[in-house]
Amino acid sequence: MSYDLVIFDNDGVLVDSEPISNRLLAGYLTELGHPTTYEESLRDYMGSAMHRIHDLVEERTGEKLPADFDETFHARVFAAFERDLEPVAGVGDVLERLTGAGVRYCVASSGSHERIRVGHRTTGLARWFPDEIVFSADDVGRGKPAPDLFLHAAARMGVEPGRCVVVEDSPLGVQAANAAGMDVHAFTAMTPEERLTGANGYFAHMVDLPAILGV
């Protein structure tokens with residue numbers, strides 16, 4: 001393999017959480033007087049850190065979201081995860097293949113550490129991701145599309161950015177990987193290829209990833 005580190009996004013790449021969280025986000029924003037459809041939530045917020053939701057709503061409406069917005073939203077999301085969340089199809093086989101080949105990997109997610117952990121525990125992926133290879137937008141000042149999170153993950157893993165490859169499924173994530181100077185392969189299971197411009201490659205089935213990486 002021509003890379004020293006594979007950096008996985010989490011939501012939509014490891015766990016199939018985007019349909020759940022974006023339906024809940026659209027519903028909650030609408031409930032608060034900011035009408036939002038599921039499709040609009042995917043378009044505007046998929047792959048973003050919580051601060052981006054606050055910033056966009058205030059920019060568009062001049063109104064701040066409630067102080068307990070994050071806490072309430074996460075409580076709803078975590079309850080839904082416990083009921084309904086599944087791993088992305090084939091991701092367990094991919095992680096087993098990478099581990100067996102000695103390929104280093106980590107996760108760098110716009111979600112909070114708690115959200116990552118709830119998702120991994122619920123889907124059975126926790127055994128693949130010890131704390132030292134889990135990185136969150138909470139760890140840096142700015143989330144995606146800024147490169148900070150990916151650069152932080154690479155630094156903590158001791159790998160130069162140019163030796164990293166990112167696996168992403170959101171436009172913001174692809175932008176962040178580009179800004180970090182990393183190659184990126186875009187997973188198109190939920191997001192059309194034309195919205196993921198700037199990626200080095202595209203794939204629709206997670207089981208194809210090892211071959212794409214040359215593992």
Side-chain angles (χ1 to χ4, degrees), residues 8-88 107-123 134-150 167-177 179 186-198:
F8 288 98
D9 175 44
N10 187 58
D11 293 292
V13 171
L14 298 176
V15 296
D16 193 17
S17 54
E18 295 291 8
I20 296 171
S21 59
N22 280 281
R23 285 193 182 94
L24 289 171
L25 179 57
Y28 189 25
L29 289 173
T30 300
E31 179 184 319
L32 293 172
H34 307 291
T36 305
T37 66
Y38 170 69
E39 291 75 18
E40 288 168 342
S41 182
L42 287 174
R43 181 194 68 200
D44 295 342
Y45 304 119
M46 182 175 167
S48 67
M50 292 299 293
H51 69 78
R52 177 179 166 85
I53 301 172
H54 288 263
D55 292 346
L56 281 181
V57 170
E58 185 172 7
E59 178 184 312
R60 291 170 174 175
T61 69
E63 299 177 13
K64 290 182 179 293
L65 290 171
D68 64 349
F69 178 86
D70 292 12
E71 181 181 357
T72 301
F73 176 61
H74 283 140
R76 295 181 184 188
V77 168
F78 296 164
F81 279 5
E82 296 284 358
R83 292 192 307 269
D84 302 324
L85 187 63
E86 298 288 343
V88 166
V107 59
S109 171
S110 292
S112 67
H113 278 283
E114 185 181 10
R115 176 180 172 127
I116 297 167
R117 281 298 174 214
V118 169
H120 287 185
R121 185 185 71 247
T122 303
T123 58
V134 175
F135 306 102
S136 161
D138 289 350
D139 302 330
V140 296
R142 298 181 299 168
K144 306 168 189 178
D148 303 36
L149 176 56
F150 288 142
V167 183
E168 264 289 355
D169 72 328
S170 74
L172 294 177
V174 172
Q175 293 171 40
F187 183 45
T188 61
M190 274 199 62
T191 307
E193 183 175 321
E194 57 268 21
R195 292 198 60 223
L196 297 168
T197 55

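When a residue number appears, it is its place in the shown sequence, counting from 1. Heavy-atom basis, side chains included; hydrogens, waters and symmetry copies ignored.
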| task | For the residue pair Phe69 and His54, categorise the inter-ring angle as parallel (less than 30°), tilted (30 to 60°) or perpendicular (more than 60°). | result | perpendicular
| query | Which heavy-atom pair separates Phe150 from Gly173 by the least distance, and what is that distance? | reply | CE1-O, 3.6 Å
| remark: Those residues at least two apart in sequence (or on a different chain) that pass salt bridge (charged side-chain N to carboxylate O under 4.0 Å, His left out) with Arg43 are none
| task | Please examine the side chains of Ser170 and Glu18, heavy atoms only from C-beta on, and report whether any two atoms are closer than 4.5 Å. | result | no
| Backbone N/O of Asp169 and side chain of Thr191: donor-acceptor pair under 3.5 Å | yes
| message | Return the CG to OH distance between Leu24 and Tyr38, rounded to the nearest 0.5 Å. | response | 10.5 Å
| Just wondering, do Leu29 and Ser41 contact through their side chains at under 4.5 Å, heavy atoms? | no
| Between CZ on residue Arg195 and CE on residue Met46, distance to nearest 0.5 Å | 8.0 Å
| request: Check whether any side-chain heavy atom of Thr197 sits under 4.5 Å from a side-chain heavy atom of Val174, and report yes or no. | output: no
| message | If you count every heavy atom of other residues, nucleotides or ligands that lies below 6.0 Å from Glu71 atom CD, does the total exceed 12? | response | no
| task | Output, in order, the C-alpha distance, side-chain angles, deciding distance and verdict of side-chain contact (heavy atoms from CB on, under 4.5 Å) for Phe187 and Val88. | result | CA-CA 11 Å; Phe187 183 45; Val88 166; 3.9 Å; yes
| query | If you measure from CD1 on Ile116 to CG on Asp11, what distance do you get to the nearest 0.5 Å? | reply | 8.0 Å
| query | What are the two closest non-hydrogen atoms of Pro145 and Ala179, and how far apart are they? | reply | O-CB, 4.4 Å
| task | Please name the pair of heavy atoms, one in Lys144 and one in Ala108, separated by the smallest distance, quoted to 0.1 Å. | result | NZ-O, 3.2 Å
| message | If you compare all heavy atoms of Leu196 against all heavy atoms of Ala186, which two are closest, and at what distance to 0.1 Å? | response | CD1-CB, 3.7 Å
| field | Any donor-acceptor N/O pair, Ser109 side chain to Ser136 backbone, under 3.5 Å | value | no
| request: Using modelled atom types only, decide if a donor and an acceptor are shared between the side chain of Thr30 and the backbone of Thr36 within a distance under 3.5 Å. | output: yes
| message | Distance check, rounded to the nearest 0.5 Å: Asp16 atom CG versus Glu86 atom CD? | response | 8.0 Å
| Minimum heavy-atom separation for Ser110 to Leu149, with atom names? | N-CD2, 4.2 Å
| task | Report yes if the side chains of Glu82 and Arg121 come closer than 4.5 Å at any heavy-atom pair, otherwise no. | result | yes
| query | Any side-chain heavy atom of Met190 within less than 4.5 Å of one from Pro19? | reply | yes
| Tyr45 OH to Asn22 CG distance, which is reported to the nearest 0.5 Å | 10.5 Å
| Basic-acidic side-chain contact under 4.0 Å: Glu59, Arg52 | no
| task | Compare every heavy atom of Gly119 with every heavy atom of Val15, then report the nearest pair and how far apart it is. | result | CG1-O, 4.0 Å
| task | Compare all side-chain heavy atoms of Glu63 with those of His34 and state whether any distance is below 4.5 angstrom. | result | yes
| Is the closest basic N to carboxylate O distance between Arg76 and Glu31 below 4.0 Å? | yes
| request: Report yes or no: does His51 contribute a side-chain atom to a donor-acceptor pair with the main-chain N or O of Gly143 at less than 3.5 Å? | output: yes
| query | Between Asp44 and Arg60, is any pair of side-chain heavy atoms under 4.5 Å apart? | reply | yes
| note | To the nearest 0.5 Å, atom CG of Leu42 lies from atom CZ of Arg23 at 8.5 Å
